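Below is one structure; the comments refer to it alone.
Just so we're on the same page: letters track the sequence lines, and every chain starts at 1. The shown structure was predicted, so the numbers you read here are calculated from the model rather than taken from an experiment.
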Protein chains: 2
Amino acid sequence: MSRINLSERVTIYDVAAAAGVSTATASKALNDTGRMSAETRDRIRRVARELGFRPNALARSLTRKRSFTVGLLTDDTYGRFTLPVMAGISEGLIDHGVSVFLCAVEDNPALAKVHVDAMLDKQVDGIIATGKRIDKPLPVDLSHLSVPVVYALTAAPLEAVTFVPDDRQGAQEAVDHLIAAGRTKIVHITGPGSFRVVQERASAFAETMQSAGLPVSQAAILQGTWSERWGHEAVEALWSGENHPDGIFCGNDQIARGVIDALRERTIEVPTDVSVVGFDNWEIVAEQTRPPLTTVDMNLKELGRQAGQALVRLVNGETVEQGLWKLPCMLVVRGS
Amino acid sequence: MSRINLSERVTIYDVAAAAGVSTATASKALNDTGRMSAETRDRIRRVARELGFRPNALARSLTRKRSFTVGLLTDDTYGRFTLPVMAGISEGLIDHGVSVFLCAVEDNPALAKVHVDAMLDKQVDGIIATGKRIDKPLPVDLSHLSVPVVYALTAAPLEAVTFVPDDRQGAQEAVDHLIAAGRTKIVHITGPGSFRVVQERASAFAETMQSAGLPVSQAAILQGTWSERWGHEAVEALWSGENHPDGIFCGNDQIARGVIDALRERTIEVPTDVSVVGFDNWEIVAEQTRPPLTTVDMNLKELGRQAGQALVRLVNGETVEQGLWKLPCMLVVRGS
DNA sequence: TTGAAAGCGCTAACAG
DNA sequence: CTGTTAGCGCTTTCAA
């Protein structure tokens, strides 16, 4: 059967006709399925290449019932955490030929629902939920969808597959670094206690100190806000008393920035008198402190990549162990 | 004709059968096309709703030759500019029912090509290119594609449709603000001259000064790097000579941060002795300076939204005026 | 006002 | 080894 193709786009019919075979054969040749003589296969492929044939993914998805497309939901439009995660997801998935629908939902449940419905209508093979806090869920329930869901850097149901940075391990590396530098009077200046990461990092701090046989007094953990200002205030408080610390582990880089500035204002030398370690490796902050900040990197891009790959496995029907996957952080040593 | 649907998904056949009409009628009823009795239309719609019918967008796209999907290409995986632009695009397009494919391409031409091909295979209706610098193109040529392309915050061919912030206007607002505050000895501390935004902001600075009848000496424009350090250095240089400025317009917020810190270290009061204005409204910087920074916001989200809407218009066959669309910036007045 | 039928471009049984 | 055929789920003439 012949059929006339008026559109500029070359279809598998064109290839089949030009190669003198049926579309079925052409399809098999191009997908490396079925069996046929190597000669035929090669010829069809050559013809396809010459014609510049590109299969219409829509048509293919329709029959295969697989769109090679996933949805990415995020509630974070300004934060610095999401972009690396998204980039990692995108990078990790393109290798599998899967594309990513980006959906920014803010904290708007209605908008989130619209996006999820749109994704489902477009037959995404799965969904990745990502956000800015590991203890706050997205404003939409994804737990009873017809497609698999993977969570990254956002709160998730217990039985879900979730990827987060290993805050404990990161904090431990930071403290170990301080200890290895000969520091013994170490304090932890961190953010609001309502954040789970604050609790995790703080308890890892305490445990690491204890297992190194170092004292950790009640006053060694100072909770405040995620701000430079709080770094300043904390230093002021610490140095207004006796017994100044010689090592400070900060809950994030902004606090560390405030701490370092405050120390300099007091002409306390970093790292000679006091060593400082941050958390996040937010380069814009960490590289601008004087001296540059030693800090913990959460490997967010890698986290995104793994989330993407886990989703692909789920979509392929492979099993992925449920629960919280804690991915290792990495200490980045600079001058502080 | 009847047909059995074993999949969980309800199709238009199910709706048609349940409503006792043909699929053609069902389709028309649901898409508000064709003519039929209001009663029939309502009944079909009600049945569809009861059954939870959601049309398969893939199948629809195949016949309509329109996927309601666009590709978003970016070379910026860490910067702060891209995320708001992307969020704006996503937000502006979901209203039209169009979804966005996110593609992070770094500076990798091969990767970029892979992504563009994948998007085309998936029959995107159009492509938006975005990046971190208005004077650097993405590592892939998009000028001869079969679908329309819109550029936002990245370098583009002359005849393209491109959206960028109006740097001149933004700079002018900043300088006008300084002048309105009674400042007369104003300098501009900015980034590397190789950036087009540096040139634009600098020339707008000079022009605004001149039209206000204020002197702008050769030494009034100081180019350096986009860093706090440079802000410090510039202040040092300025205050090592005579004739200190009473107003400083900085090329970005980081420089402004350095400037403000340096001024405080010299016990020069901001804004009493010197007013400072930044550029970018990067909240994490602008809200942390002491006092908080008055700065120029580029309205990036709105820029993204407009880019998305322009693309939709192009896809719909409407015309969009070619060339550079400069979108207004907005001065955010804080304490500096 | 409604429906039958022909596709959109591709894949996958099943025959030959 | 290759081709015929029947869909995937939806839209859209065209005829009734």
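Partners of A:Arg54 according to the side chain to side chain donor-acceptor pair (under 3.5 Å) rule, which considers only residues two or more places apart in sequence or in another chain, are B:Asp117, B:Asp121. Residues forming a side chain to side chain donor-acceptor pair (under 3.5 Å) with B:Asp76 (at least two apart in sequence, or on another chain): B:Thr82. When the side chain to side chain donor-acceptor pair (under 3.5 Å) test is applied to B:Ser22, the partners found at least two apart in sequence or on another chain are B:Thr25. Applying the side chain to side chain contact (heavy atoms under 4.5 Å, CB included) test to B:Arg64 and every residue at least two apart in sequence or in another chain returns B:Asn31, B:Arg60, B:Arg66, B:Phe68. Under the ring-ring contact (aromatic ring centres under 6.0 Å, His included) criterion, B:Phe101 pairs with A:Phe101, sequence neighbours left out. Partners of A:Asn56 according to the side chain to side chain donor-acceptor pair (under 3.5 Å) rule, which considers only residues two or more places apart in sequence or in another chain, do not exist here.
For B:Asp121 and C:dG9, the CG to P distance is 14 Å, given to the nearest whole Å. One interatomic measurement links the two molecules: CG of B:Leu62 to C1' of C:dG7, which rounds to 9 Å at whole-angstrom precision. With rounding to whole Å, A:Lys65 atom NZ is found 4 Å from D:dG9 atom P. Rounded to whole Å, atom P of D:dC10 lies 19 Å from atom CZ of B:Arg66. Across the protein-nucleic acid pair, B:Asn56 atom CG and D:dG7 atom P stand 18 Å apart, rounded to whole Å. Rounded to whole angstrom, the span from the CZ atom of B:Arg9 across to the C1' atom of D:dC8 amounts to 13 Å.
Ion pairing between a basic and an acidic side chain is recognised when a charged N comes within 4.0 Å of a carboxylate O; B:Arg41 and B:Asp32 show such pairing.
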Candidate pair B:Thr23 and B:Thr11, rule side chain to side chain contact (heavy atoms under 4.5 Å, CB included), full reasoning: CA-CA 10 Å; B:Thr23 61; B:Thr11 74; over 6 Å; no
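Axis orientation changes by 50° from one end of the helix from C:dT1-D:dA16 to C:dG16-D:dC1 to the other, with each end axis drawn from 5 pairs and the value rounded to 10°.
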List, one per line, each side-chain donor-acceptor pair under 3.5 Å for residues 299-308 of chain A, sequence neighbours excluded.
| residue | atom | partner | partner atom | Å |
| --- | --- | --- | --- | --- |
| A:Asn299 | ND2 | A:Pro328 | O | 3.0 |
| A:Lys301 | NZ | A:Glu91 | OE2 | 3.1 |
| A:Lys301 | NZ | B:Glu106 | OE2 | 2.7 |
| A:Glu302 | OE1 | A:Arg305 | NE | 3.3 |
| A:Glu302 | OE2 | A:Gln306 | NE2 | 3.1 |
| A:Arg305 | NH1 | A:Glu91 | OE1 | 3.4 |
| A:Arg305 | NH2 | A:Glu91 | OE1 | 3.3 |

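Within residues 35-51 of chain B, the residues approaching DNA chain C are B:Arg35, B:Met36, B:Ser37, B:Thr40, by heavy-atom distance under 4.0 Å.
Side-chain nitrogen and oxygen atoms of B:Thr11 include none within less than 4.0 Å of the OP1 or OP2 phosphate oxygen of D:dG9.
Sorted by first and then second residue, the salt bridge (charged side-chain N to carboxylate O under 4.0 Å, His left out) pairs involving residues 138-166 of chain B (not counting sequence neighbours) form an empty list. For residues 317-326 of chain B, the pairs satisfying salt bridge (charged side-chain N to carboxylate O under 4.0 Å, His left out) are B:Glu200-B:Lys326, with sequence neighbours left out.
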Between N or O atoms, less than 3.5 Å apart, protein on one side and nucleotides 11-15 of chain C on the other: list the pairs.
| residue | atom | partner | partner atom | Å |
| --- | --- | --- | --- | --- |
| C:dT11 | OP1 | A:Asn31 | ND2 | 3.2 |
| C:dT11 | OP1 | A:Arg60 | NE | 3.3 |
| C:dT11 | OP2 | A:Ser27 | OG | 2.9 |
| C:dT11 | OP2 | A:Asn31 | ND2 | 3.4 |
| C:dT11 | O4' | A:Thr63 | OG1 | 3.1 |

